[in-house]
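Report on the following structure.
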2 protein chains.
Amino acid sequence: MARLKISFTPSIRRLPSYLHIIRNAQRNSQFYISGTVIAQELNLEPIQVRKDLAITGIIGKPKKGYPVDALIAAVERYLGWDEMHDAIVVGAGNLGSALMGYPEFRIHGLHIVAAFDTDPDKIGKKIHGVTVLNLADLESTIRGSKVDYAILTVPSPQAQETADTLVRSGIRAIWNFTNAKLKVPDDVVVHREDLSSGYALLSVMLQTRKSQTP
Amino acid sequence: MARLKISFTPSIRRLPSYLHIIRNAQRNSQFYISGTVIAQELNLEPIQVRKDLAITGIIGKPKKGYPVDALIAAVERYLGWDEMHDAIVVGAGNLGSALMGYPEFRIHGLHIVAAFDTDPDKIGKKIHGVTVLNLADLESTIRGSKVDYAILTVPSPQAQETADTLVRSGIRAIWNFTNAKLKVPDDVVVHREDLSSGYALLSVMLQTRKSQTP
DNA sequence: TAGATTGTTAATCGATTAACAATC
DNA sequence: TAGATTGTTAATCGATTAACAATC
């Protein structure tokens with residue numbers, strides 16, 4: 001079970017932040033934006049921004065910076081955000097519901113077409129415009145469709161079982177918000193989003209900062 | 001505006017996952033757990049797990065592994081999760097509401113004592129057991145209290161303004177779920193949680209995997 | 001005992017940062 | 001033109017991995 005190793009992981013993770021700033025520049029009718037400016041907005045080093053943007057293939061102009069429209073296109077292209085991808089939310093609980101209503105996903109090409117849950121009170125209802133279907137019907141509904149992404153927000157103990165169903169249904173990518181480490185075939189990609197890890201970092205930062213202020 | 005640099009950032013981010021596995025071992029009445037076993041569960045290298053656990057100060061026993069109870073205590077201690085910390089949620093929208101109902105936070109010492117919003121329909125109501133108060137009253141309510149954390153889930157355009165209020169109110173740590181890069185004094189720590197960065201990674205993984213399957 | 005696992009010290013790897021020539 | 005900014009090549013830094021003696 002060899003896991004896929006992605007090069008430039010930290011750079012890829014920074015690209016969405018850059019994109020946000022570049023889009024703001026576009027909204028302000030700027031034609032060029034320099035790596036220096038992007039770096040300033042994010043408290044990063046300009047050289048890091050330039051290196052990161054280089055992986056998208058964009059070519060900047062000395063003295064002016066990067067052409068805004070072309071840069072947005074290059075970043076979106078690199079991230080695969082230039083095309084719409086259908087997604088389903090599996091588990092229409094608190095977090096799943098919040099993600100259905102998260103407007104930014106649409107901007108990034110993620111189109112949530114349905115949600116699935118086992119709760120009879122939720123099945124048939126709409127949450128943030130997304131219809132909740134019976135989880136038991138997942139395979140028959142999704143199989144053969146062009147849904148690429150599953151956003152997995154079921155309770156952790158059900159995560160593996162649900163992931164198995166997703167794989168059988170032809171899902172290619174699972175965004176795993178549960179605590180479970182999922183076992184999936186090699187041609188299915190999984191990214192686990194761990195909210196606790198960010199909290200751990202903040203917690204250690206707070207302790208460090210506290211002890212520095214005597 | 002020097003930003004705090006935390007050493008061992010990747011290690012700290014992995015600790016919550018370890019903790020989850022070690023807790024399971026405890027539930028199964030195991031007295032010892034080896035780094036090898038933890039590594040297997042998470043598809044990591046055993047040496048990485050040992051190095052990570054070493055920063056918590058725990059001492060293992062050759063052949064047996066780490067004593068489960070002591071290991072949990074050491075990790076929690078290191079993360080500052082051995083004591084309860086009061087937190088507020090600022091912005092009781094979809095995401096904010098979901099986080100109020102996220103049961104894992106309590107296990108990790110995070111106690112959400114109140115939420116704040118500007119929406120008159122929400123003020124006075126309870127969401128997942130948490131009372132929503134008027135955002136206008138934030139400073140007077142929080143000032144002088146022992147609330148350490150603010151979970152910031154307001155719309156991005158209001159983020160900086162709200163953060164300023166939080167700082168004036170004596171908040172020490174901000175968990176920033178908005179797109180805004182916050183400007184805060186040096187004695188306030190901020191961690192920005194960027195859901196888009198995880199999605200970017202998954203998206204690039206999907207493309208890479210696709211192109212490998214011809 | 002034999003062998004699994006630890007912790008330490010060293011080697012490797014990859015990401016960040018620095019230096020600087022090219023250029024608009 | 002002068003100077004800001006790019007892209008490239010090299011140096012540094014930190015994290016991961018390897019090797020291995022110690023040990024229960």
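Letters go in sequence order (proteins before strands), and every chain restarts at 1.
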Rounded distance in Å - CG (B/L71) to C1' (C/dT5)
14 Å
Donor-acceptor pair between A/R192 and A/T178 side chains, under 3.5 angstrom
no
Distance test, side-chain N/O of B/Y32 to OP1/OP2 of C/dT6, below 4.0 Å:
no
Got a sec, which residues hit side chain to side chain contact (heavy atoms under 4.5 Å, CB included) with B/Q40, two or more places apart in sequence or on another chain?
none
Using the 3.5 Å cut-off, write out each protein N or O paired with an N or O of nucleotides 21-24 of chain C and the distance between them.
none

Separation of A/I59 atom CD1 from D/dT5 atom C1', in whole Å?
14 Å
Under the criterion ring-ring contact (aromatic ring centres under 6.0 Å, His included), which of A/H111, A/H85, A/H108 is the partner of A/Y149?
A/H85
Between A/R23 and A/E76, does any side-chain N to carboxylate O distance fall below 4.0 Å?
yes
Across all chains, not counting sequence neighbours, the side-chain hydrogen bond (donor to acceptor under 3.5 Å, both in side chains) partners of B/S97 are none
Kindly say whether A/G91 contributes a backbone atom to a donor-acceptor pair with the side chain of A/D117 at under 3.5 angstrom?
no
Quick one: A/L53 CG to D/dT6 P, roughly how many Å, whole number?
9 Å
How many Å lie between CD1 on B/I38 and C1' on C/dT6, as a whole number?
13 Å
Set of residues satisfying side-chain hydrogen bond (donor to acceptor under 3.5 Å, both in side chains) with respect to B/T153, sequence neighbours excluded
none
Show, in sequence, the C-alpha distance, side-chain angles and deciding distance for B/R172 and B/V189, and conclude whether the side chain to side chain contact (heavy atoms under 4.5 Å, CB included) test is met.
CA-CA 6 Å; B/R172 317 285 312 269; B/V189 294; 5.9 Å; no
Does anything in residues 195-204 of chain B come within less than 4.0 Å of DNA chain C? Heavy atoms only, and list the residues if so.
none
For B/S197, the side-chain hydrogen bond (donor to acceptor under 3.5 Å, both in side chains) test, sequence neighbours excluded, returns A/R13
Show the distances under 3.5 angstrom between N or O atoms of the protein and N or O atoms of nucleotides 14-17 of chain D.
unit_1: D/dA15; atom_1: OP1; unit_2: B/F8; atom_2: N; d: 3.4
unit_1: D/dT16; atom_1: OP1; unit_2: B/R14; atom_2: NH1; d: 3.0
unit_1: D/dT16; atom_1: OP1; unit_2: B/R14; atom_2: NH2; d: 3.4
unit_1: D/dT16; atom_1: OP2; unit_2: B/R14; atom_2: NH2; d: 3.0
unit_1: D/dT16; atom_1: O5'; unit_2: B/Q48; atom_2: NE2; d: 3.2
unit_1: D/dT17; atom_1: O4; unit_2: B/K51; atom_2: NZ; d: 3.1

Quick check on C/dT6: is either OP1 or OP2 less than 4.0 Å from any side-chain nitrogen or oxygen of B/R50?
yes
Tell me, please, which residues at least two apart from B/D82 pass salt bridge (charged side-chain N to carboxylate O under 4.0 Å, His left out).
B/R77
Separation of D/dT8 atom C1' from A/I55 atom CD1, nearest Å, is 16 Å
Compile the donor-acceptor pairs under 3.5 Å between side chains in residues 64-74 of chain A and protein atoms, sequence neighbours left out, one pair per line.
unit_1: A/D69; atom_1: OD1; unit_2: A/Q26; atom_2: NE2; d: 3.0

A/D52: salt bridge (charged side-chain N to carboxylate O under 4.0 Å, His left out) partners, not counting sequence neighbours:
A/R14
The correct list of stems in which DNA chain D takes part (3 or more consecutive Watson-Crick or G-U pairs, distances under 3.5 Å) is C:3-24 with D:3-24
Listed by chain and number, what are the side-chain hydrogen bond (donor to acceptor under 3.5 Å, both in side chains) partners of B/E193, not counting sequence neighbours?
B/W175, B/H191
